[in-house]
Protein chains: 2
Amino acid sequence: MTAGESNGADELIGTEAPRDPESALARLAGRHAAGYRSVGVMAYDIIREAILDGTLPPGHKLRQETLAELIGVSRLPVRSALIQLESDGLVEFHDRRGAVVKSLSSEQAREVYQLRILLETEALRHSMADMTDQRLARLRELGRTADAKQEGGDFVDARTAFYAELYDAARLPIQWELIEQLRLKVGRYMLGWRLVGDDTHHHSHDELTDAVAAGDVEQAVALLRHHLEGVRDGVLDMLEAESLAKAAPTRRRSRS
Amino acid sequence: MTAGESNGADELIGTEAPRDPESALARLAGRHAAGYRSVGVMAYDIIREAILDGTLPPGHKLRQETLAELIGVSRLPVRSALIQLESDGLVEFHDRRGAVVKSLSSEQAREVYQLRILLETEALRHSMADMTDQRLARLRELGRTADAKQEGGDFVDARTAFYAELYDAARLPIQWELIEQLRLKVGRYMLGWRLVGDDTHHHSHDELTDAVAAGDVEQAVALLRHHLEGVRDGVLDMLEAESLAKAAPTRRRSRS
DNA sequence: CCCGAGATTTCTGGATCCAAGATGCAGACT
DNA sequence: AGTCTGCATCTTGGATCCAGAAATCTCGGG
């Protein structure tokens, strides 16, 4: 690609199809432009978001130089960010050959959801023991928001807010941290979930809130488990589709 | 026991009392001197080990310059190491004021062990479903080693090896990763555990191996849970003692 | 004698520069 | 003609250098 067109490309791309990571990441960088204490965490946020929303697909090579100039900083904060992302399990370092976006195998996805079910149902049990009306009201609100946003960019954020509120009553910060880690690992694939999810789950957050409000622990746990299993299956389908697409890649037509 | 005797207690804890982190860390650096692909991971290993064996106590300020020249490298790989250690939950960054060794509150310790019980008993159940004689033999060996080493530097390593072998049959790499994270958080306090641990636990690994060999899942799970609860109580006592010691600090003699 | 404001000093965070290793291509040899 | 080896280039990893912010120390005032 010629350098002269990259300026215009930024203008043109308004659709949600991040064809080339270059311009898409530049837009992300623009949104995150101001108000950061250190550019290191800014770089971290930008790259993390880019991985999570699919701008940087699994397997993508992450060249420090490119990322640095796209974000508008030096290579050093990029390196910091990549190190953090490695600890988060989102990228993978190959010894002297740089970092790539980690991809998730079906087995790993299965294990992640197995663990999420284990940890989140446990958190739910603890949380329901200390539920307050006030919290319940907030939960209701957040649940409706999460159910409403079946798609869109802040789709994942809405869910995160709901579960954060739900489990927060348990006052188990380390457990929540682990849950967040696990959610992060599958976050990139949750975006495509609505593509395969059926209507069964469309009100799951509200239903769950009902069970919590009623104090029916077993029902709530069952709903949560069922919900997670549903999402898991969706993610597995997504992974399946993706591996198929990789096996038979779409033909790319040469540009004019 | 009075706080004034805490000096003597330090003698008990270790063969060598790491009075000043300087020289102790320099020795550590010497042991790790050679055979690393990158000095960044070397710095990580050294600092991590220093935190885990108590050379760098909780609350200690980690000045990059000092660490760098002690290890014998530049500040940059030290920064990388600190970032990784932050993700591991071992150090904590204060915005523009550098990093300190994270300390563990009683509540956090309790939560860690609650989670370890949850995750490890689950791993044990899965593991026992796929146990082989070969693995059992190795387990027996490692268990005896772990039981034998009630003290010493590689005390934690022996236990890690045992549990790694025990849970490995389950083929749950992510779950093991989480368990390792949790063990890391309390690793620094496990060193002092034997001081308060009673004889009840001295053969716990061997007993556990027996139950696993017998295929008695519930018995094995009960033993594991009991063992972890015992360690937890020891760690809590240790934390209690440490907070007392902090409240009544050792008298400081003026330097020459 | 104590408290506060300012200056100094120290330390972190970022940028630029340098060296070492890996990849890929081209040429030569079998 | 195919393959192996050597060279050029690219990219990461590390070191030194620079700027900004925070803590401390000191001096002056109350």
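Everything numeric in this text was worked out from a predicted model, so none of it was measured. Chain letters run A, B, ... following the sequence lines, proteins first and then strands; every chain starts at 1.
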Hits for ring-ring contact (aromatic ring centres under 6.0 Å, His included) against B/Phe162, two or more places apart or cross-chain, chain-then-number order -> B/His205
Sequence neighbours excluded, the answer for side chain to side chain contact (heavy atoms under 4.5 Å, CB included) partners of B/Val39 is B/Met42, B/Val73, B/Pro77
Quick note, salt bridge (charged side-chain N to carboxylate O under 4.0 Å, His left out) partners involving residues 61-87 of chain B, not counting sequence neighbours, are none
Residue pairs passing the salt bridge (charged side-chain N to carboxylate O under 4.0 Å, His left out) test with at least one member in residues 91-101 of chain A, sequence neighbours excluded, are A/Asp95-B/Arg37
Residues pairing under salt bridge (charged side-chain N to carboxylate O under 4.0 Å, His left out) where one sits in residues 168-177 of chain A, two or more places apart or in two chains, turn out to be A/Arg135-A/Asp168, A/Glu177-B/Lys185
Quick tally for nucleotides 7-14 of chain D: nucleotides whose base has a protein heavy atom under 4.0 Å get B, sugar-phosphate-only ones S, the rest -, giving ----SBBB
